[in-house]
Chemist: 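Below you'll find the structure I mean.
Quick caveat, the model's predicted, so the values are computed rather than measured.
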Amino acid sequence: MIEFSSTESPAVKGILFNLVYILGILCALPWLLYRRFRYGKYREGWSQKLGGELPIRTSDANPLIWIHAVSVGEVIQLKQIVDGMRSLDPSLEFLITTTTETGFQVAKEKLAGCQVSYFPLDFTWTVRKALQRVRPSMIVLVELELWPNFLAEASRSKIPVAVINGRMSDQSFNGYRKIRSLIKPSLQDLSLVAVQSEETRNRFVELGSRSDLVHVTGSIKFDGVEIDPSNPNALQLRDFFQLKESEFVWVAGSTQSPEEEMVLDIYLRVLNHLPKSRLIIVPRHPERGTEIAEMIERRGFNVIRRSSPSQQLFDESRKAVGLLDTVGELKACWALADVAFVGGSFGNRGGQNMIEPAAHGIPVSFGPNTRNFRQVVELLLKAEAVKRVADATELEEFIVQSCKNPDEALAMGERAKDLISKQQGATKTTCQLLLNLLGRNTAAAPEQSNAA
């Protein structure tokens, strides 16, 4: 483990971090090359990632806000933040950066009027050049992205940096505590930390953040849910997957290996009880579409694959399974579901966003491993608004019972909708805090809430 003493200069620390990053890239190179050639990943944005060649700011007439969101999940949250800040101050300009190619694509599609680029890797020369080109009025990091060289350079340039929608899982907190002396300077470089819960606030403070700069706002994910089942995107997906009104639709979203195999095997058995049921699988990583399509076909199903709009002629004697292997359409797809399973919860990932399907008022299930959403899960479970299942057997039972007992399923869904509506409001509070930090609003900082 690297240990820094208080006497080491920022320049020395920067060089040491550079060496660590180079070593890490060299160790990961075989895996990166495999992903590049197997899935076509890591092909774009290298002039920004390694060279810091982000868009050059040509005018200081209006404030420029640089917001960084790692991937799709974080990028999707940004629309309400950008719209909220623009409604309060239309003069604001925005640069959105992301780390992944899918996040980049979604940002281009969803965030009209914003510049979009890739985030620079945390080498001293890269972040320095990026900051010199962008010259942002403020930097906003979504959830938790503590890159020491980047934060140190922003601090030297006197650029305020905020973390919004901050969260810190048990695993992350335990890891950060072991290197507290290493990350404390980065936390002290932050000008504002807006977090989802009181527990997260306490964790930031324990690790080194100034207590007066950490505010509890709740989660902006509660504000970004789409609950209109008649929205055009949902209707288009219903037609695409050839769903009938009489069919009971099960959506398995944000799945990861081996969850696709699990839900397909369950579906084979469920058809014995529910012959009019349909399954739609939405993998977390759309590039696995071909692999999952082959799984579906091996089990004797037709595949209706979203990334292949020209549909083949199907064997009418076989059931069709929908495969939504595109980016940014899961929100609309939840509106099609009569019951939902949220993936990433039967492996080591720590779960995916269960707020979106729950907001639709449908019965929602997930596996035992949801550490990334622990506080949200605790709220939903306490309200008896979702079902946590231990294994495939319990998941199968939940799917069947949700169909056979519609009144109970509806009641669970209504409890979830009610809870989510009561948790909303974090976006408004967060936007006000950011404008106060920017000096564009003289109102007092909003009071800290008791949101979960």
Chemist: Taking all non-hydrogen atoms of both residues into account, name the closest pair between Q352 and G344 and its distance.
Modeler: CG-CA, 4.4 Å
Chemist: Regarding T430 and T427, is there a side-chain donor-to-acceptor distance under 3.5 Å anywhere?
Modeler: no
Chemist: Where is the tightest heavy-atom contact between G289 and L323, given as atom of each residue plus distance?
Modeler: O-CD2, 3.4 Å
Chemist: Are E261 and R299 ion-paired here, with the side-chain N under 4.0 Å from a carboxylate O?
Modeler: yes
Chemist: Looking at K276 and E247, is there a salt bridge between them, counting it only when a charged N and a carboxylate O are closer than 4.0 Å?
Modeler: no
Chemist: Under 6.0 Å from the CD atom of E384, do we count more than 12 heavy atoms belonging to anything else shown?
Modeler: no
Chemist: Calculate, to the nearest 0.5 Å, the distance between atoms CD1 and CD1 belonging to I139 and I159 respectively.
Modeler: 5.0 Å
Chemist: In the structure I gave you, are the side-chain heavy atoms of V142 and V70 within less than 4.5 Å of one another anywhere?
Modeler: no
Chemist: May I ask you to establish whether R318 and F301 are in a cation-pi arrangement, using a distance under 6.0 Å from NZ or CZ to the six-membered ring centre and at most 45° from the ring axis?
Modeler: no
Chemist: Could you go through N436 and Q432, starting from their C-alpha distance and side-chain angles, then the distance that decides it, and tell me whether this counts as side-chain hydrogen bond (donor to acceptor under 3.5 Å, both in side chains)?
Modeler: CA-CA 6 Å; N436 290 349; Q432 187 65 69; 3.2 Å; yes
Chemist: Tell me the closest heavy-atom pair linking H68 and T97, and the distance in Å.
Modeler: ND1-OG1, 3.0 Å
Chemist: Residues two or more places apart in sequence or in another chain: which of them pass ring-ring contact (aromatic ring centres under 6.0 Å, His included) with F398?
Modeler: none
Chemist: For the residue pair S345 and T370, what are the closest heavy atoms and their distance?
Modeler: CB-CG2, 4.0 Å
Chemist: Does a sphere of radius 6.0 Å around NZ in K129 hold more than 12 heavy atoms from other residues, nucleotides or ligands, not counting ones at 6.0 Å or beyond?
Modeler: yes
Chemist: Is it the case that the side chain of D325 and the backbone of S307 share a donor-acceptor pair, with hydrogens and angles ignored and the cut-off at 3.5 Å?
Modeler: yes
Chemist: Side-chain contact test, heavy atoms from C-beta onward, threshold under 4.5 Å: evaluate it for T200 versus Q375 and give yes or no.
Modeler: yes
Chemist: Can you tell me how far CD1 of I96 sits from CD of E74, rounded to the nearest 0.5 angstrom?
Modeler: 13.0 Å
Chemist: Would the F123 and F17 ring centres measure less than 6.0 Å apart?
Modeler: no
Chemist: With side chain to side chain contact (heavy atoms under 4.5 Å, CB included) as the test, pick out the partner of L121 among L50, N149, V127.
Modeler: L50
Chemist: Tell me whether the count of non-hydrogen atoms from other residues, nucleotides or ligands lying under 6.0 Å of CD in E414 goes above 12.
Modeler: yes
Chemist: If we only count heavy atoms from C-beta on, is the V249 to S277 side-chain gap below 4.5 Å?
Modeler: no
Chemist: Are W66 and F150 close enough that their ring centers fall under 6.0 Å?
Modeler: yes
Chemist: Calculate, to the nearest 0.5 Å, the distance between atoms CG and CH2 belonging to L336 and W250 respectively.
Modeler: 15.5 Å
Chemist: Quick check: are there more than 12 heavy atoms from other residues, nucleotides or ligands sitting under 6.0 Å from CG of D239?
Modeler: yes
Chemist: Given 3.5 Å as the limit, does a donor-acceptor pair link the side chain of T255 with the main chain of A252, or not?
Modeler: no
Chemist: Taking ring-ring contact (aromatic ring centres under 6.0 Å, His included) as the definition, give me every residue that meets it alongside F366, ordered by chain and number, with sequence neighbours left out.
Modeler: none
Chemist: Could you tell me if the side chain of V339 sits less than 4.5 Å from the side chain of S365, heavy atoms only?
Modeler: no
Chemist: May I ask you to test the F341-V251 pair for a side-chain heavy-atom distance under 4.5 Å?
Modeler: no
Chemist: Would you say S402 and D338 make side-chain contact, with heavy atoms under 4.5 Å?
Modeler: no
Chemist: Please lay out, stage by stage, how M138 and V140 fare under the test side-chain contact (heavy atoms from CB on, under 4.5 Å).
Modeler: CA-CA 7 Å; M138 180 171 65; V140 180; 4.1 Å; yes
Chemist: Apply side-chain contact (heavy atoms from CB on, under 4.5 Å) to the pair R306 and L237, showing each step before the final yes or no.
Modeler: CA-CA 9 Å; R306 181 63 165 164; L237 287 175; 3.6 Å; yes
Chemist: Can you tell me how far the CD1 atom of I81 sits from the CG atom of L434, to the nearest 0.5 Å?
Modeler: 6.5 Å
Chemist: Does any donor atom in the side chain of E408 or Q401 lie under 3.5 Å from an acceptor atom in the other side chain?
Modeler: no
Chemist: So do F241 and L324 actually touch side chain to side chain, heavy atoms under 4.5 Å?
Modeler: yes
Chemist: Tell me whether the count of non-hydrogen atoms from other residues, nucleotides or ligands lying under 6.0 Å of NZ in K387 goes above 12.
Modeler: no
Chemist: Can you list, pair by pair, the side-chain donor-acceptor contacts under 3.5 Å of residues 163-170, counting residues two or more places apart and other chains?
Modeler:
from, atom 1, to, atom 2, distance (Å)
N165, OD1, I220, N, 2.8
N165, ND2, Q77, OE1, 2.9
R167, NE, E143, OE1, 2.9
R167, NH1, N372, O, 3.0
R167, NH2, E143, OE1, 3.4
S169, OG, S172, N, 3.1
S169, OG, S172, OG, 3.1
D170, OD1, R203, NH1, 3.2
D170, OD1, R203, NH2, 2.6
D170, OD1, R374, NH2, 3.4
D170, OD2, R374, NE, 3.4

Chemist: Between R288 and E260, does any side-chain N to carboxylate O distance fall below 4.0 Å?
Modeler: yes
Chemist: Are a donor atom and an acceptor atom from the side chains of E145 and W147 found within less than 3.5 Å of each other?
Modeler: yes
Chemist: Using the side-chain contact (heavy atoms from CB on, under 4.5 Å) rule, take C431 and L88 through it: C-alpha gap first, then chi angles, then the decisive distance, then the call.
Modeler: CA-CA 8 Å; C431 291; L88 295 170; 4.1 Å; yes
Chemist: CD1/I399 to OH/Y267 distance, rounded to the nearest 0.5 angstrom?
Modeler: 11.5 Å
Chemist: Grab the two heavy atoms, one from S191 and one from L437, that are nearest each other, plus how far apart they are.
Modeler: CB-CD1, 3.7 Å
Chemist: Are N272 and R269 linked by a side-chain donor-acceptor pair shorter than 3.5 Å?
Modeler: no
Chemist: Does L23 form a side-chain contact (heavy atoms from CB on, under 4.5 Å) with C27? I'd like the steps, not just the answer.
Modeler: CA-CA 6 Å; L23 180 61; C27 291; 4.2 Å; yes
Chemist: Taking the side chain as everything from C-beta on, heavy atoms only, tell me whether E329 gets closer than 4.5 Å to N233.
Modeler: no
Chemist: Roughly how far apart are E397 CD and D391 CG, rounded to 0.5 Å?
Modeler: 10.0 Å
